[in-house]
Amino acid sequence: MQFCIIEIKTLPLHKKLKMNPFSYGTIVSGNNFYDRKEECARIVKTLSGGNNLVLYAPRRFGKTSLVFKAIEQLEAQGFICVYFDFMPVFSPESFVRLYAKALAAKQNNLQKFAQLFASIIKNIRPVLSFDAAGIPEFSVDFAGSTVDETLISQLLDVPEQMNGANKRVIMFFDEFQEVEKLGSINFEGLLRSKIQQQHTTNYLFLGSKTHLLKELFNNKKRAFYNAASQMTIGALPAPDTIDFLQQKFAGSAITLDVETAKYIISVAANIPHYIQMMAAEIWQYMVNSHKIVTKKIVDDSVMRLLALKSDYYMELFDRQSQSKKQLLLALTMNGKNIFSTAYIYEHSLPSAATLQRAVKGLIADGTVEKLDDEYFIADPFFKLFLATI
Ligand SMILES: Nc1ncnc2c1ncn2[C@@H]1O[C@H](COP(=O)(O)OP(=O)(O)O)[C@@H](O)[C@H]1O
Ligand SMILES: [Mg+2]
């Protein structure tokens, strides 16, 4: 019998797999979340005080993470908080399924909830089943009936009935502008009347298509006119971001000086998501071999990220109309007063009317955002890519 000797090499302890301390593309909490104390306090105060609120800001600024922070505090005060994301909704049926699931997710006693559900909603049946791990799941059976306004209206009554034991309910509607996808149903009108009738349920509407949300809540002709107070969030304050980055890098014995931290923030256009994305990339590159973050390391990381996405960016740019292309290139330099004669002349842009249409389209698909009076390319890496062509 022959034996072979296999050498099992173990990595030295400090080289064992370490978790990247930065996190992006997901809701951040715990020590991945910093700042926003005042904003959080305002959300908690408004909702616990029985008012409704609209929170709007460009995507990736941290709305959803902030709202989850507020939910933690409101739940600690005894409120039942139901988070519902409109993004995956694509039809009235999908709304009903997802909404019912979101409500059920907050129930300790699903059996009791199914009874309540059945007593309010006549045309669909609640179904309780068990998954492979024996955990009960709630779903609905349409039993052949179509989703009409009566059904949606009854469904919107459910939160108000859930508030047993003196607990008030707060509904969090994320990406609320997507409500437009419910098209044929007059959801706006229905919800508006519920908001007026319900006394123990409050609503927070949040969304990233700022112009659509503002239109929903500020236009006198729309159902939500004046239905909620409004707030927005901006970038995270630079000194806090610098502290956060320095501390996280220090946890892996990596030094980041203030100037280089500021450089990372500026490359990421001061957008929370891109700051963490940059930091994660830099950390990954440095973790086992480098000790000090340099400007060159930041630049190299940008190049690696750009290389990864250049095909996608090229395709994104290619599929734009001529006027959108011209505008995107102009926006890499400056996004203020873009309809002025001087701007149009300087960047050889088409007429202001054509430009208006181009901007509208680019904002609608999320390529461009508007903050205060300035238009900017939503993804700073796309902007960097455009600057190279
Ligand atoms: N307060 C925060 N502290 C640290 N990182 C944050 C914070 N807010 C947002 N981020 C970063 O931005 C990313 C996007 O946040 P998210 O809450 O999903 O934004 P939005 O809902 O506005 O699109 C997060 O994954 C995280 O990397
Ligand atoms: Mg979000």
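Owing to the predicted nature of the structure, the values given are computational and were not obtained by experimental measurement. Start at 1 with the first residue, then count along the sequence. Counting convention: from 1, in listed order, for ligands and their atoms alike.
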Atom 19 (O) of ligand 1 has as its nearest protein heavy atom G62 N, 3.0 Å
- Message: Any heavy atom of S23 closer to ligand 1 than 4.0 angstrom?
- Response: yes
Nearest heavy atom to atom 25 (O) of ligand 1, choosing from T241, T26, V28, I233, belongs to T26
Answer yes or no: does an N/O atom from S65 fall short of 3.5 Å to an N/O atom of ligand 1?
yes
Atom 4 (C) of ligand 1 has as its nearest protein heavy atom N32 O, 3.0 Å
So the atoms of ligand 1 within less than 4.0 Å of a heavy atom of F33 turn out to be 1 (N), 2 (C), 3 (N), 4 (C)
Discussion item. Would F61 count as being in polar contact with ligand 1, using the rule that some N or O on each side must be under 3.5 angstrom apart?
Written reply: yes
Ligand 1 atoms nearer than 4.0 angstrom to some heavy atom of R59 are 23 (O)
Judged by heavy atoms only, the candidate from E39, H273, K63, E175 nearest atom 20 (P) of ligand 1 is K63
| message | Does the Lys NZ or Arg CZ of K325 fall within the cation-pi geometry relative to F317 - under 6.0 Å from the ring centre and within 45° of the axis? | response | yes
| task | Please state whether A57 comes within less than 4.0 angstrom of ligand 1, counting heavy atoms only. | result | no
protein heavy-atom neighbour closest to atom 5 (N) of ligand 1 works out as Q276 NE2, 2.8 Å
**OP:** Classify the ring geometry between F187 and F86 as parallel (under 30°), tilted (30 to 60°) or perpendicular (over 60°).
**Re:** perpendicular
Anything under 30° is parallel, anything over 60° is perpendicular, the rest tilted; go ahead and classify H273 against Y24.
perpendicular
Residue, atom and distance of the protein heavy atom nearest atom 10 (N) of ligand 1 read P272 CB, 3.5 Å
**Report entry** Parallel, tilted or perpendicular: rings of F249 and F22 (30°, 60°)
**Finding:** tilted
Of all protein heavy atoms, the one nearest atom 23 (O) of ligand 1 is R60 N, 2.7 Å
Mind checking whether F176 and F217 have parallel, tilted or perpendicular rings, split at 30° and 60°?
tilted
task = Could you confirm whether S65 has any N/O/S atom lying under 2.8 Å from the Mg ion (ligand 2)?
result = no
Nearest non-hydrogen protein atom to atom 21 (O) of ligand 1, with distance, is T64 OG1, 2.8 Å
Side-chain donor/acceptor of K220 to backbone N/O of Y225, under 3.5 Å: no
Aromatic rings Y203 and F173: how do their planes relate, parallel, tilted or perpendicular, breaks at 30° and 60°?
tilted
Ligand 1 to G25, heavy atom cutoff 4.0 Å, flagged ligand atoms 25 (O)
Residue, atom and distance of the protein heavy atom nearest atom 3 (N) of ligand 1 read Y34 N, 3.0 Å
**Q.** Carboxylate-amine/guanidinium proximity below 4.0 Å for E369 and R59
**A.** yes
Assess, by modelled atom type and distance only, whether the side chains of D379 and Y313 contain a donor and an acceptor separated by less than 3.5 Å. yes
Would you say the side chains of Y343 and N334 form a donor-acceptor pair under 3.5 Å?
no
Heteroatom proximity flag, F244 to ligand 1, N/O under 3.5 Å = no
- Any chance the side chains of Q177 and E175 put a donor and an acceptor closer than 3.5 Å? yes
